[in-house]
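Computation of the quantities below employed the complete heavy-atom set of this structure, encompassing side-chain atoms and omitting hydrogens, waters and symmetry-equivalent molecules. The sequence lines fix the lettering, A, B, ..., with proteins before strands; numbering per chain opens at 1.
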Number of protein chains: 2
Amino acid sequence: MPATAVSCLTLNRLSLYLRCLRQLQRRGVHRISSQEMARRFDLSASQIRKDLAQFGEFGIRGVGYDVDQLLARLRGLLGLDRPHNLVVVGLGHLGSAVARHFASNHRAFRVVGLFDNDPAKIGQELEGLAIRAIGEVAAVVAETAAEIGVLAVPADVAQEVYDRLVEAGIESVLNFAPVQLRQSPRVRCRTVDLRIYLEELVYFLESDGATSRALGKPGR
Amino acid sequence: MPATAVSCLTLNRLSLYLRCLRQLQRRGVHRISSQEMARRFDLSASQIRKDLAQFGEFGIRGVGYDVDQLLARLRGLLGLDRPHNLVVVGLGHLGSAVARHFASNHRAFRVVGLFDNDPAKIGQELEGLAIRAIGEVAAVVAETAAEIGVLAVPADVAQEVYDRLVEAGIESVLNFAPVQLRQSPRVRCRTVDLRIYLEELVYFLESDGATSRALGKPGR
DNA sequence: GATTGTGAATAGATTCACAGCT
DNA sequence: AGCTGTGAATCTATTCACAATC
């Protein structure tokens, strides 16, 4: 039924619902209405319904949604019922942390390759996996059918490494380098710049706290 | 003159423009038009103009924008011309990496406190700063006038630690725990769940790659 | 009586297209 | 001639309100 393209906003909310449902499941809740869910997690009930309705009829009128069933459906919908292989390139602090973060926790994701160009790091192990030279990435991607590349390299080499991953046949990229990558049409890239989140918070600090001073020009 | 509230989307784009302008500055570009900027970084020219126009007239008609000047203006606008103090709570892999990430790189942000509840970690140093017990957070926030708290603790204690930060007088929170926090109206909280980004990529993997199979029901 | 699923209404964001400067 | 700044037009997203269902 998804003839209509799904928006990123909707999609991210589906992930959110998944998270909420997991929490409900852990607490032994088996049935929930959109209203109750909205109340508990500070969401919008009609939005939940509309988001879900895009993909089918998952609820029972007059009753609500079955938590286990909805969870399973959402997982299937998002493709999380099959495992997905990742490679991580760049094992500085952030890269290592992200590799570990994704390696533990999550059944749906498996880290199958670690790459760096620092000779001191090559050969070391992280979570039982050896760090290899970046030159081997194509071989590993081919061998493991890795779909996603996580890019945690310095900004000035990010483009080069992205291009390499594209060439290696990776299907999409999660980029932590603070650059706007020139993208291949074949390979979707999602950039996550942690600094942007801080900057967002700072702006609201100023504007909430200092409504009084906001009248004076804030330049310079 | 921001009498009008600025949307988050706009705000995040301003951060993005800042990043692009920095790159231009490094390359010795002194003047740029919205079109050229759009072309180089794969953005929309009219959107750039509209976003900037919300805050004043920064460009010169017929000419374009002065890179240095616009950079300075944006920095001021976003509040990045003053330093902001951070505390990081939870120094597992992700917390440590984020602490280091924010401690280096960025002039506008200063990490002034590190907290954990693991006795093995307390007393250790990270980037020249000692890790302290979470009980001391109120004192440190008061003493350093820290504005932002970075939350990198396990999901099941995130709410508790958030509440503690609120009580300690922190002004906003960047949360990496995958939970929907019950928020204080006083303290803005931005949650960043790295897993959501992966899930987004996975969805598009399925839907791009498998347009053929998308006709069959994707359930189960 | 309660709650879903959904068309219609509203609100918000983006793009267009051009008047107004330089 | 070229590019900004901006109202108007379009597109997208969210919320409302209610008929359909259990």
Specify the separation, in whole Å, of atom [atom1] of [X] and atom [atom2] of [N].
X       : N      : atom1 : atom2 : value
A/Phe58 : C/dT6  : CZ    : C1'   : 16 Å
B/Met37 : D/dG2  : CE    : P     : 21 Å
A/Leu52 : C/dG5  : CG    : P     : 7 Å
B/Gln54 : C/dT14 : CD    : P     : 10 Å
B/Arg39 : D/dG2  : CZ    : P     : 16 Å
B/Arg73 : D/dG5  : CZ    : P     : 10 Å
B/Glu36 : D/dT4  : CD    : P     : 11 Å
A/Ile48 : C/dT4  : CD1   : C1'   : 12 Å

Polar side-chain atom of A/Gln159 near backbone of A/Arg182 as donor-acceptor pair, under 3.5 Å: yes
Tell me whether B/Asn85 contacts the main-chain N or O of B/Thr144 through its side chain, where contact means a donor paired with an acceptor under 3.5 Å.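 Pair found, side chain donor or acceptor close to backbone of B/Thr144.
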Partner set under salt bridge (charged side-chain N to carboxylate O under 4.0 Å, His left out) for A/Arg39, not counting sequence neighbours: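 In terms of salt bridge (charged side-chain N to carboxylate O under 4.0 Å, His left out), with neighbours along the sequence ignored, A/Arg39 is linked to A/Glu36.
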Here's one to test your reading of the geometry: is the NZ or CZ of B/Arg188 within 45 degrees of the ring axis of A/Phe204 and under 6.0 Å from its centre?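 Checked: cation-pi criterion met.
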Output one letter per nucleotide in nucleotides 15-22 of chain D: B when a protein non-hydrogen atom lies under 4.0 Å from the base, S when only the sugar-phosphate is that close, - when neither is. BBB--BBB
[X]/[Y] ion pair, N-O < 4.0 Å:
X        : Y       : answer
A/Glu206 : B/Arg82 : yes
B/Arg75  : B/Asp81 : no
A/Asp66  : A/Arg31 : no

Name the orientation class of the two ring planes belonging to B/Phe55 and A/Tyr203 (parallel below 30°, tilted from 30 to 60°, perpendicular beyond 60°).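 Ring orientation, 0 to 90° scale: perpendicular.
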Would you please confirm or rule out a distance under 4.0 Å between OP1 or OP2 of C/dA2 and any side-chain N or O of A/Tyr65?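 Negative; the distance criterion is not met.
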For A/Thr10, answer base if it contacts any base atom (sugar-phosphate contacts may also be present), sugar-phosphate if it contacts only those atoms, and nothing otherwise; contact means non-hydrogen atoms under 4.0 Å.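 Nothing: the residue A/Thr10, judged by heavy atoms under 4.0 Å, touches no strand.
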Side chain of B/Ala53 - closest among C/dT14, D/dG5, D/dT14: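 That would be D/dG5.
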In residues 19-35 of chain B, which ones come under 4.0 Å of DNA chain D, going by heavy atoms? B/Ser33, B/Ser34, B/Gln35
With side chains defined as the heavy atoms from C-beta onward, is the minimum distance between A/Val111 and A/Val87 less than 4.5 Å?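 With C-beta onward as the side chain, the pair stays apart.
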